[in-house]
Amino acid sequence: HDGKTYTCRTCSYQATEKGSLRRHMKSQHEGITYSCDSCSYQTKDGERLLKHQKSVHVEKKYPCISCEYHAIDARSLRRHRNQIHDFQLQAEGQFVRYFCDSCPYRATRKSHLNRHQKSIHQGERYHCESCEYQAGVKGNLRRHQKAMHAE
């Protein structure tokens, strides 16, 4: 034993030998289906359930300082600030040319404005077939499905 600890990715079990962790996983977690208590999502991988709960149900942690928007990660907040509040767009050589006539949204591409209007103002949603997740952008649904349902 070299002092290394092996931790179960589904529960808090820890072992000092890899074989002990394998036996634990087989006896305690094999064949079990984990269900989200907030929606109909199910998986055979406890770690995937935790990832699902964090990305779909946990309160968003990155607030915009200019409006009420909250993002789930720094990248989403940066994209929001660039598109809505014109942060860094001109410095990067991109110019806002398209303006939503229903809200303050601004875009550098017409396709982005069209996508925004369909998703936000016309209520177009893409529904996940495996759980209750919905996205306003098809790419976000694909990212969700890959992260949450790819077994």
Side-chain angles (χ1 to χ4, degrees), residues 4-89 98-151:
K4 185 170 182 173
T5 303
Y6 300 92
T7 303
C8 177
R9 60 184 199 165
T10 304
C11 71
S12 59
Y13 176 83
Q14 293 185 332
T16 55
E17 296 176 358
K18 218 178 224 182
S20 296
L21 177 60
R22 267 196 298 273
R23 282 189 297 281
H24 162 80
M25 292 292 294
K26 188 172 180 125
S27 69
Q28 298 299 311
H29 302 297
E30 196 172 276
I32 294 175
T33 300
Y34 297 91
S35 300
C36 179
D37 56 6
S38 299
C39 72
S40 61
Y41 177 78
Q42 293 185 328
T43 181
K44 296 203 179 290
D45 185 338
E47 189 175 27
R48 280 191 193 269
L49 176 61
L50 294 175
K51 192 174 179 182
H52 158 80
Q53 289 172 327
K54 182 178 179 186
S55 69
V56 176
H57 302 298
V58 172
E59 184 176 326
K60 318 263 186 281
K61 296 180 180 174
Y62 294 82
C64 178
I65 60 171
S66 302
C67 72
E68 297 298 313
Y69 177 81
H70 285 71
I72 60 169
D73 56 35
R75 181 177 172 225
S76 297
L77 177 60
R78 194 166 41 254
R79 183 174 47 237
H80 163 81
R81 289 173 36 162
N82 286 346
Q83 291 179 339
I84 304 300
H85 304 297
D86 202 17
F87 285 76
Q88 298 180 333
L89 286 177
Y98 304 98
F99 300 86
C100 181
D101 54 6
S102 301
C103 76
Y105 181 86
R106 301 175 294 183
T108 57
R109 296 182 182 169
K110 188 168 180 74
S111 63
H112 292 175
L113 177 61
N114 290 340
R115 182 175 64 197
H116 160 80
Q117 288 174 328
K118 285 180 182 176
S119 170
I120 303 301
H121 302 300
Q122 297 170 12
E124 184 174 281
R125 309 304 289 164
Y126 297 92
H127 299 270
C128 180
E129 295 177 358
S130 302
C131 71
E132 294 177 13
Y133 177 82
Q134 296 179 25
V137 178
K138 197 179 268 188
N140 291 349
L141 175 61
R142 279 194 297 270
R143 188 177 312 115
H144 160 82
Q145 289 173 323
K146 184 177 180 182
M148 297 301 135
H149 304 299
E151 292 288 337

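Values below: all heavy atoms of this structure, side chains included; hydrogens, waters and symmetry mates excluded. One-based numbering along the sequence shown.
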Interatomic spacing from [atom1] in [X] to [atom2] in [Y] - rounded to 0.5 Å:
X      : Y      : atom1 : atom2 : result
His127 : Gln134 : NE2   : CD    : 4.5 Å
Gln122 : Asn114 : CD    : CG    : 9.0 Å
Cys36  : Met148 : SG    : CE    : 10.5 Å
Arg115 : Ser111 : CZ    : OG    : 6.5 Å

Does Lys4 reach the side chain of Lys18, with side-chain heavy atoms less than 4.5 Å apart?
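Contact flag for Lys4/Lys18 side chains = no.
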Taking C-beta and beyond as the side chain, do Tyr13 and Ser20 meet within less than 4.5 Å on heavy atoms?
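Answer yes - side chains close enough.
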Heavy-atom closest pair, residues [X] and [Y]:
X      : Y      : result
Tyr6   : Thr16  : CE1-O, 3.7 Å
Cys131 : Ser40  : CA-OG, 3.7 Å
Gln145 : Glu129 : NE2-N, 4.3 Å
Leu21  : Thr7   : CD2-O, 4.0 Å

Identify which one of Met25, Gln28, His24 satisfies the side-chain contact (heavy atoms from CB on, under 4.5 Å) criterion when paired with Cys11.
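With Cys11 as partner, Met25, Gln28, His24 yield a single side-chain contact (heavy atoms from CB on, under 4.5 Å), made by His24.
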Centroid-centroid distance, Tyr41 to His149, less than 6.0 Å:
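For Tyr41 and His149, the ring centres are under 6.0 Å apart.
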When you compare the side chains of Gln42 and Ser35, does any donor N or O come within less than 3.5 Å of an acceptor on the partner?
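Per modelled atom types, Gln42 and Ser35 side chains form a pair under 3.5 Å.
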